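Below is one structure, written out as structure tokens; the observations come after it.
Basis for what follows: all heavy atoms, side chains included, without hydrogens, waters or symmetry-related copies. All of these numbers come straight from a predicted model, not from anything done at the bench.
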Amino acid sequence: MAASGKLLFTPGPLTTSAAVRAAMASTDLGSRDSVFIELQASVRRRLLDVGGVTGTHECVLLQGSGTYAVEAVVGCAVPRGGTALVISNGAYGDRIGSICKRLDITHRMLSVPWTEAPTAEAVAAELAAHPADVVFMIHHETTAGIINPVSEIAAVLQKGEIFVVDSMSGFGGLPITLSRVDFMVSSANKCIPGVPGFAFALARKEALLATAGNARSVALDLLAQYEGFAKNGQFRFTPPTHALLAFSTALDEHTARGGVAAAFARFTENQSIITAGLALHGFTTFIRPELQSPIITAFEYPTADFNFDIFYDALSSNGFVIYPGKMPDRQCFRVGNIGEIFPSDCKAFVGAVAAAALKAGWESPVGSVSAASESVNAEAQVLVTGGPPVFALRTVPFVPTEASCTLEMIGASICASDLHTADGRRPAVSSLPGAECTLGHEGIGKVLAAEAETLRTGVRVGDTVTFGVASSSCSPLCKCCDNGLPQKCTKLYKYGHEAYGVGTELSGTYSTHMVLREGSTIVPISRIGEPLPASLALCCMMNCSGATAVAAVRACGSVVGGRVAVFGGGPLGLLTALRAIDLGAAEVTVIDRNPTVVASVKSFGFTTELTGEYDAVVEACGAKAVLAPAFKALRTGGSLVLVGLVHPDSDLAGISAESIIRKCLTIVGVHNYTPTDLHNTVPFIIKVWGLHTAAFEAAGLGESAPQFPLRDIATAVDTARDSVGRVLLVPTL
């Protein structure tokens, strides 16, 4: 919590940790003190590590706000008499244009509507018609919270253009590949939450040295600043000593928490809670989901006469500070999700919105949400165990009430673990002949009724949702829940794995309805009346293969700029590979023995042969034979993540402890996932479906995936045994 007691839901300055604030007040340092010189050198080294550009770029620190560093790069990167192209889809892109104008730099603006992202095609066309020496763009446009396609635009720069990226509010929290970026600019009080006082540029050394004679300012001469550091490790002018003390601690915390990947995951969960919660209160967003960042979200005023000043003051008096809007044609405000802000803070913020909105002239519609109350005859496919799989279609009369969250199932997919259960290889439900289980855990449904606690998270009656494959409801927290492993709760209840009985009849997805228990994670996929944002197969897989893939890549640590190998090209391995690319991996190789799968993997753009060493290897195939080549492929200090070997025949034969120790390897087991992983999965699946629709269709994960009615479950299960994609059960067929 901030010293003032207020939480800053802004894009910066931000809420800082107690350790960051304590570091700033810990000591006074002279600018020529050897301790301070080593401090700033350490900060510069670690920023290069965060960016994944150690060895190719230099880090130049500059006193002042982020705009000081932006202006320094503009004034130095563009040669005297040179030309610039400024790509803008918001106020911060326009600001670069204003700097060019003030510095008398010849430039053109490629302006895009502030609710859209620029495209590589548009940039290529502009440069073909009007060549430029330098191209400027924003990575994360804070005006509306849009992530812009840096890598795609870098790929169309083919004539030696200098490429400058303003990642002010993105660096450290959003994956970004800087290998083709010449200058990247950010600040000390954004995704790595220090305090205001300095900004920095990560500059390719050759490009930096080439700026000699370009600077239009003495104080903002980037090369002179770098040469000062190189000469004696000192700033040319009075340095921000206390801000650097604070930022060094913020960097320590950022690294200890898992770096960019962990920050991205937390910001995404924060954003999901806030967006869903404010939607419940009638505040809507207007940026398309595939463009929306987890850094900051813009919300439209609910009515033309909504009084933002009163709303702001009411929230501030309760300890929550938000940000006004910057859109020229929309009445809106913005809510940031970064800094020392956590999901519990976001829930508290959502809880304060209704009262603040009422003071501003808007009554939250949350009280108007109703639940179904008529009796329903549900049907569930029950597996009878103890021999060859036998299914019985049971009728289960029940009344959806607000005492639980009840779903009307839209579809379910048949996962390999369901086949294991059907074959009697899951002791929990097959220890006794004749034991029964309502099968299925992958699936989506429409909310018929929900208890108040679920509604407060932003889920609404009528929403299409995914949900965690298990619920945890221990109180007080068990050791697993208290240590970030709720999927291993001592009171775990797993959907599709429980014995059939009173109260568990509708606990699997192979049914017309499901009843979700307290402690379940429920995440909206689409709102009332909206179509599914991806294929039914992918939507059903979100809560199993999808979220497990997200958890697996999280367990790899930072993959930005790294090489990742995935053993197994089935749905889990494929989504793991796509997630690694999504989080900034430079190269991903997917290994599989099935020629059909290999052809499918190649259609997504992945290589399929191991070459050289890898920073991380993920086992996603369930075959212990891959362990030896997996270990061999890892670089010293690399990480091996085990996901698929969840069966008894999984000993680490042929792998010596000595090899693990000498190579300083990290081995991580991932089983299921956390609620944060599921929250991160929904936008990830939507994004990759949009990018690879045709490839998903060819992989059996698109709209053409086989569908069967519940009554034909035996045929569906047999079909799934021979399928490389997913087979679906659709109750309405």
Could you measure the distance from the CD atom of E58 to the CG atom of L222? Nearest 0.5 Å is fine.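 It is 11.0 Å, given to the nearest 0.5 Å.
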
Would you name the heavy atoms of [X] and [Y] that are closest together and state the gap between them?
{"X": "P175", "Y": "V260", "value": "N-CG1, 4.0 Å"}
{"X": "M327", "Y": "C332", "value": "CG-SG, 3.7 Å"}
{"X": "A261", "Y": "L583", "value": "CB-CD1, 4.4 Å"}
{"X": "L85", "Y": "A132", "value": "N-CB, 3.8 Å"}
{"X": "G90", "Y": "S88", "value": "O-OG, 3.1 Å"}
{"X": "A555", "Y": "V670", "value": "CB-CG2, 3.7 Å"}

Plane angle bin for F9 and F320 - parallel if under 30°, tilted between 30 and 60°, otherwise perpendicular: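 Correct class here is tilted.
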
Please list, chain by chain and in numerical order, all residues satisfying side-chain hydrogen bond (donor to acceptor under 3.5 Å, both in side chains) with S169, sequence neighbours excluded.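 Result, side-chain hydrogen bond (donor to acceptor under 3.5 Å, both in side chains) vs S169: H140, T142.
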
Please enumerate all residues that pass side-chain hydrogen bond (donor to acceptor under 3.5 Å, both in side chains) together with Q63, with sequence neighbours excluded.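 In terms of side-chain hydrogen bond (donor to acceptor under 3.5 Å, both in side chains), with neighbours along the sequence ignored, Q63 is linked to Q225.
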
Side chain to side chain, [X] and [Y], heavy atoms closer than 4.5 Å:
{"X": "V43", "Y": "L244", "value": "yes"}
{"X": "L127", "Y": "V135", "value": "yes"}
{"X": "L61", "Y": "L47", "value": "yes"}
{"X": "V164", "Y": "D182", "value": "no"}
{"X": "Y68", "Y": "F198", "value": "no"}
{"X": "M137", "Y": "N148", "value": "yes"}

[X], [atom1] atom: more than 12 neighbouring heavy atoms under 6.0 Å:
{"X": "R80", "atom1": "CZ", "result": "yes"}
{"X": "F308", "atom1": "CZ", "result": "yes"}
{"X": "D104", "atom1": "CG", "result": "no"}
{"X": "R32", "atom1": "CZ", "result": "no"}
{"X": "K663", "atom1": "NZ", "result": "yes"}

Is it the case that the side chain of [X] and the backbone of [Y] share a donor-acceptor pair, with hydrogens and angles ignored and the cut-off at 3.5 Å?
{"X": "H254", "Y": "D252", "result": "no"}
{"X": "S272", "Y": "E269", "result": "no"}
{"X": "S186", "Y": "M168", "result": "yes"}
{"X": "H57", "Y": "V181", "result": "yes"}
{"X": "Q158", "Y": "A155", "result": "yes"}
{"X": "T143", "Y": "A91", "result": "yes"}
{"X": "E141", "Y": "I147", "result": "no"}
{"X": "R216", "Y": "G75", "result": "yes"}
{"X": "D133", "Y": "T83", "result": "yes"}
{"X": "N680", "Y": "D677", "result": "no"}

Result of checking [options] against [X] for side-chain contact (heavy atoms from CB on, under 4.5 Å):
{"X": "N337", "options": "I273, I274, I295", "result": "I274"}
{"X": "N89", "options": "T115, L110, V112", "result": "V112"}
{"X": "I162", "options": "V73, V134, T211, V78", "result": "V134"}

Residue pairs, two or more places apart or on separate chains, that pass salt bridge (Lys or Arg N to Asp or Glu O under 4.0 Å) and touch residues 157-173: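 Qualifying pairs, neighbours excluded: none.
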
Who passes salt bridge (Lys or Arg N to Asp or Glu O under 4.0 Å) against E206, sequence neighbours left out?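 Listed in chain order: nothing, the list is empty.
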
Partner residues of R236 under the salt bridge (Lys or Arg N to Asp or Glu O under 4.0 Å) criterion, sequence neighbours left out: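 So R236 forms no salt bridge (Lys or Arg N to Asp or Glu O under 4.0 Å) with any residue.
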
What's the verdict on ring pair (Phe, Tyr, Trp, His ring centres under 6.0 Å) for F333 and Y323, showing C-alpha distance, side-chain angles and the deciding distance? CA-CA 6 Å; F333 61 89; Y323 220 53; over 10 Å; no

Do [X] and [Y] have side-chain N/O donor and acceptor atoms under 3.5 Å apart?
{"X": "R95", "Y": "T67", "value": "yes"}
{"X": "S248", "Y": "R46", "value": "yes"}
{"X": "K6", "Y": "S316", "value": "yes"}
{"X": "Q271", "Y": "T297", "value": "yes"}

Mind checking what makes ring pair (Phe, Tyr, Trp, His ring centres under 6.0 Å) contact with F163, not counting sequence neighbours?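 Result, ring pair (Phe, Tyr, Trp, His ring centres under 6.0 Å) vs F163: none returned.
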
Test ring pair (Phe, Tyr, Trp, His ring centres under 6.0 Å) applied to F235 and F229, step by step: CA-CA 6 Å; F235 282 77; F229 289 131; 5.0 Å; yes

Show your reasoning for whether salt bridge (charged side-chain N to carboxylate O under 4.0 Å, His left out) applies to R21 and E253. CA-CA 13 Å; R21 296 193 301 274; E253 293 181 333; over 6 Å; no

Charged N to carboxylate O below 4.0 Å: is that the case for K101 and E71?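 A salt bridge is absent here (no side-chain N lies under 4.0 Å from a carboxylate O).
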
Within 45° cone of F183 ring axis and under 6.0 Å: R204 NZ or CZ: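 Verdict for F183: no cation-pi partner in R204.
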
Please say whether the positively charged group of R563, taken as NZ for Lys or CZ for Arg, lies over the ring of Y614, i.e. under 6.0 angstrom from the six-membered ring centre and within 45 degrees of the axis.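 The answer is yes; both the distance and angle limits are met.
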
Assess the residue pair F200 and F171 against the criterion (ring pair (Phe, Tyr, Trp, His ring centres under 6.0 Å)); give the C-alpha distance rounded to whole Å, side-chain angles, the decisive distance to 0.1 Å, and a yes or no. CA-CA 11 Å; F200 53 89; F171 183 76; 5.8 Å; yes

Output, in order, the C-alpha distance, side-chain angles, deciding distance and verdict of salt bridge (charged side-chain N to carboxylate O under 4.0 Å, His left out) for R45 and E38. CA-CA 10 Å; R45 288 194 300 268; E38 173 52 33; 2.8 Å; yes

